[in-house]
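These numbers come from the heavy atoms of this one structure, side chains and all, not from hydrogens, waters or symmetry mates.
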Amino acid sequence: MGLPPSPDDLLAVDRLIARLNDTEPMTAELRRFLSEVFERGITATMFELTETTGADVSRGAISAALGAPDFWNLGPDEIKPFIRSKAQDLGWQCRTVGEYFTYHQRTGDIIPPAYPERIAILLRKAKEPEREWAWLTAWCRHFGYDGWDGWSRDRLRKLPAPDASAPS
């Protein structure tokens, strides 16, 4: 299972939950608009850089420059072992989702569900049901739409809501 989460890791979860709760979810129209603007801009930038520098510029490199997680620049042989090595690292998972969320706010791109799901799994393993519920509630508020991220919605439905009358 790995080590239990550190207080810093749990604080990272709490901060990410607060960030999601404090941010208004994006409308479908705004997501589409940002995505179209981003795709046009990234395509134009790729063509321009290729023409002016002769360099083979990838979408991943430009996306990373716009705030996507750094590991997007890893090659295909490096990325899977790297991500596997971070599977039990709750702090890394939170940082990655936070970076993706920033990227999402700029581009309208959808965040891959594996990272937020991993946060929920690590919280469940750590026996942190209240945090898991708060995490999934905040996550689904932003990304539980149009059939997107059914795993998180299904998991949230299975969790009992925290008892507000219980002492904290």
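- To the nearest 0.5 angstrom, Asn21 atom CG is 9.5 Å from Leu16 atom CG.
- At most 12 non-hydrogen atoms from other residues, nucleotides or ligands lie less than 6.0 angstrom from CZ of Arg15.
- Side-chain atoms of His104 come within 3.5 Å of backbone atoms of Asp109 as a donor-acceptor pair (strictly under, hydrogens ignored).
- Although no hydrogens or angles enter the test, the distance criterion places a donor-acceptor pair under 3.5 Å between the side chain of Gln93 and the main chain of Lys86.
- Going from atom CD1 of Ile119 over to atom OG of Ser152 covers 9.5 Å, rounded to the nearest 0.5 Å.
- A donor-acceptor pair under 3.5 Å links the side-chain atoms of Arg141 to the main chain of Thr23, judged by distance alone.
- For the residue pair Met26 and Gly108, the shortest heavy atom distance occurs at SD-CA, 4.2 Å.
- Looking only at distances, a side-chain donor or acceptor of Arg118 sits under 3.5 Å from a matching main-chain atom of Ala87.
- Formation of a donor-acceptor pair under 3.5 Å by the Arg124 side chain with backbone atoms of Ala120 is not found in this model.
- Heavy atoms only, all atoms of each residue included: Trp139 and Pro116 are closest at CZ2-CG, 3.2 Å.
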(message) Quick one, Arg155 with Glu117, criterion salt bridge (charged side-chain N to carboxylate O under 4.0 Å, His left out). Give me CA distance, side-chain angles, the key distance, then yes/no.
(response) CA-CA 9 Å; Arg155 177 67 190 149; Glu117 287 174 9; over 6 Å; no
(request) Take Gln88 and Leu122 through the side chain to side chain contact (heavy atoms under 4.5 Å, CB included) test and state the conclusion after the steps. (result) CA-CA 7 Å; Gln88 302 302 319; Leu122 292 172; 3.4 Å; yes
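- Here Glu99 contributes atom CD and Ile111 contributes atom CD1; the two are 11.0 Å apart, rounded to the nearest 0.5 Å.
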(request) For Tyr115 and Ile83, run side chain to side chain contact (heavy atoms under 4.5 Å, CB included): C-alpha distance rounded to whole Å, both residues' side-chain angles, the deciding distance at 0.1 Å, then the answer. (result) CA-CA 10 Å; Tyr115 307 103; Ile83 290 174; 3.2 Å; yes
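- Contact annotation: the side chain of Ser35 never approaches that of Arg32 to less than 4.5 Å [non-hydrogen atoms, C-beta and beyond].
- Proximity of a side-chain donor or acceptor of Arg19 to a complementary backbone N or O of Gly98 within less than 3.5 Å is detected.
- Put simply, CD on Glu128 and CG on Leu10 are 5.0 Å apart, with the number rounded to the nearest 0.5 Å.
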(request) Apply side chain to side chain contact (heavy atoms under 4.5 Å, CB included) to Arg31 and Ile110, showing your working. (result) CA-CA 9 Å; Arg31 280 194 314 275; Ile110 299 298; 4.2 Å; yes
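- Residues Val13 and Asp9 have side chains not in contact (no heavy-atom distance under 4.5 Å, counting atoms from C-beta outward).
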(message) Working note: Trp135 + Leu20, criterion side chain to side chain contact (heavy atoms under 4.5 Å, CB included); need CA distance, chi angles, decisive distance, verdict.
(response) CA-CA 9 Å; Trp135 164 246; Leu20 290 171; 3.4 Å; yes
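- Using modelled atom types, one side-chain atom of Ser85 and one backbone atom of Phe82 make a donor-acceptor pair closer than 3.5 Å.
- Hydrophobic cluster membership differs between Leu11 and Phe101, with clusters built from Ile, Leu, Val, Met, Phe, Trp and Tyr side chains linked at under 4.5 angstrom.
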